[in-house]
Amino acid sequence: EGQDGDKFLIRYLIETAKIYEVSPVAVLGAFMGEHSMNQRSQVKQKGEDGINFIGKKFGEKGEAVVNALNVTFMGSKGAASFGPGQIQPFIAIAMQSEIKRIRPSADEDERDKYNWKGAINIICAYMNYAANRYEKEGFEVREDAPLLVTLFNIGEQRKSFEKRAAESRAMIDSGEREELWLNYFGYWVQKNDKTLSEKISEAHQ
């Protein structure tokens with residue numbers, strides 16, 4: 001990545017988060033949470049490398065093979081994830097139009113879940129997408145890193161962000177809930193906010 005190493009990537013992450021109007025701490029937290037909370041033994045890392053190689057080499061057919069193996073050996077209902085941010089294919093596909101709309105000049109690498117630039121854009125686009133739905137219910141979440149990471153992690157497969165936001169608004173208005181809830185990824189980001197913020201700050205220097 002050049003002389004600056006990971007700082008180059010974090011600077012790109014900051015620039016991209018600004019374009020999509022989401023917290024850079026949230027985007028960095030999505031990466032670091034995924035790769036810090038999950039046990040990453042050498043065997044697991046080799047397995048992930050294999051998953052990404054098959055998917056990248058053989059495209060959708062390769063991903064279908066990986067998903068079939070996931071069902072057989074892990075019972076994961078085919079929800080395999082790929083690339084640096086462990087992004088599920090349905091998210092990468094769904095966010096292509098969002099990336100094109102918000103960042104028309106995005107090149108192939110910036111749309112590809114298998115590399116860092118693509119993963120950063122997809123995650124930023126998904127967080128922006130979620131924030132738009134929550135804003136319709138009066139929630140300001142763009143700078144709320146723990147909440148954005150929670151939304152990125154839970155996704156929309158079981159329930160749309162629009163429905164989640166509406167249900168949360170109804171519960172808060174009725175007094176049933178005081179605030180929006182976080183999941184364990186969100187709490188991890190909340191707990192490590194100082195470390196994440198420092199990394200963002202250092203990249204500016």
Side-chain angles (χ1 to χ4, degrees), residues 6 9-10 13 16-17 20 22-45 47-48 51-52 66-67 70-71 73-92 94-95 113 116 119-135 137 139-172 176-200:
D6 63 345
L9 280 174
I10 296 178
L13 182 153
T16 303
Y20 292 89
V22 295
S23 164
V25 172
V27 183
L28 181 59
F31 285 108
M32 291 187 68
E34 181 66 48
H35 295 292
S36 298
M37 294 183 69
N38 295 334
Q39 292 297 314
R40 293 178 58 75
S41 65
Q42 287 187 345
V43 172
K44 178 173 172 57
Q45 290 183 48
E48 288 177 358
I51 284 174
N52 289 315
V66 171
N67 283 332
N70 268 11
V71 172
F73 296 107
M74 300 181 67
S76 62
K77 300 181 181 179
S81 52
F82 299 84
Q86 296 294 287
I87 296 169
Q88 292 188 358
F90 85 93
I91 294 177
M95 289 301 104
K113 64 182 174 291
W116 280 99
I120 288 169
N121 276 273
I122 291 167
I123 290 174
C124 284
Y126 204 47
M127 288 182 174
N128 174 70
Y129 171 82
N132 284 338
R133 272 102 193 121
Y134 273 72
E135 284 172 349
E137 294 295 336
F139 295 113
E140 294 294 333
V141 302
R142 292 185 179 278
E143 294 302 319
D144 189 331
L147 181 61
L148 284 178
V149 172
T150 293
L151 295 177
F152 172 74
N153 183 249
I154 62 175
E156 276 197 314
Q157 277 194 307
R158 294 184 180 178
K159 188 181 295 184
S160 70
F161 291 136
E162 197 167 33
K163 189 169 184 179
R164 287 184 186 278
E167 289 179 354
S168 295
R169 171 52 65 199
M171 284 188 279
I172 290 173
E176 184 179 345
R177 183 187 294 175
E178 291 186 6
E179 56 188 12
L180 295 170
W181 64 273
L182 305 177
N183 73 348
Y184 62 106
F185 267 83
Y187 283 120
W188 185 91
V189 170
Q190 189 177 68
K191 180 180 178 181
N192 292 280
D193 176 75
K194 182 179 179 182
T195 299
L196 295 166
S197 297
E198 284 177 352
K199 285 186 175 293
I200 294 295

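Positions are given from 1 along the sequence.
Taken to the nearest 0.5 Å, the CD1 atom of Ile10 stands 6.0 Å off from the CD1 atom of Ile200. The CD atom of Gln157 lies 4.0 Å from the CZ atom of Phe90; values are rounded to the nearest 0.5 Å. Expressed to the nearest 0.5 Å, how far CZ of Phe185 lies from CZ of Phe152 amounts to 9.0 Å. Distance check, rounded to the nearest 0.5 Å: OG of Ser23 to CG of Leu147 gives 11.0 Å. Separating the CG atom in Leu13 from the CG atom in Asn121 is a distance of 9.5 Å, to the nearest 0.5 Å. Residue Met32 holds its CE atom at 7.0 Å from OG1 of Thr195, rounded to the nearest 0.5 Å.
Between Thr16 and Cys124, the shortest heavy-atom contact is CG2-SG, 3.8 Å. Closest approach of Phe161 and Tyr134 over heavy atoms only: O-CE1, 3.7 Å. Counting all heavy atoms, side chain and backbone alike, Ile122 lies closest to Ala92 at CD1-CB, 3.9 Å.
For Glu137, there are no side chain to side chain donor-acceptor pair (under 3.5 Å) partners, not counting sequence neighbours. With sequence neighbours excluded, no residue satisfies salt bridge (charged side-chain N to carboxylate O under 4.0 Å, His left out) with Glu162. Take Tyr126 and apply the side chain to side chain donor-acceptor pair (under 3.5 Å) test, not counting sequence neighbours, and it matches no residue. Residues meeting the side chain to side chain donor-acceptor pair (under 3.5 Å) test with Arg133, sequence neighbours left out: none. Residues forming a side-chain contact (heavy atoms from CB on, under 4.5 Å) with Lys191 (at least two apart in sequence, or on another chain): none. Remark: Thr150 pairs with Asn183 by the side chain to side chain donor-acceptor pair (under 3.5 Å) rule, at least two apart or across chains.
Residue-environment remark: CD (Glu178) stays at or below the threshold of 12 foreign heavy atoms within 6.0 Å.
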Problem set entry | Verdict with reasoning, Asn128 to Arg142, per side chain to side chain contact (heavy atoms under 4.5 Å, CB included) | CA-CA 7 Å; Asn128 174 70; Arg142 292 185 179 278; 2.8 Å; yes

For this session: Verify side chain to side chain contact (heavy atoms under 4.5 Å, CB included) between Asp144 and Phe139, making sure each step is shown before the conclusion.
Result: CA-CA 10 Å; Asp144 189 331; Phe139 295 113; over 6 Å; no

Exercise. Could you walk me through whether Val149 and Met127 pass the side chain to side chain contact (heavy atoms under 4.5 Å, CB included) check?
Worked result: CA-CA 8 Å; Val149 172; Met127 288 182 174; 4.2 Å; yes

For this session: Evaluate the side chain to side chain contact (heavy atoms under 4.5 Å, CB included) criterion for residues Phe31 and Ile120: first the C-alpha distance (whole Å), next the side-chain angles of each, then the deciding distance (0.1 Å), finally the verdict.
Result: CA-CA 9 Å; Phe31 285 108; Ile120 288 169; 3.6 Å; yes

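A side-chain donor-acceptor contact under 3.5 Å links Asn192 to the backbone of Trp188.
A donor and an acceptor atom, one from each side chain of Arg177 and Ser168, are located under 3.5 Å apart.
Put simply, the side chain of Asp193 reaches to within 4.5 Å of the side chain of Val25, judged on heavy atoms.
Note on Glu156 versus Arg164: no salt bridge recorded, every NZ/NE/NH1/NH2 to OD/OE distance being 4.0 Å or above.
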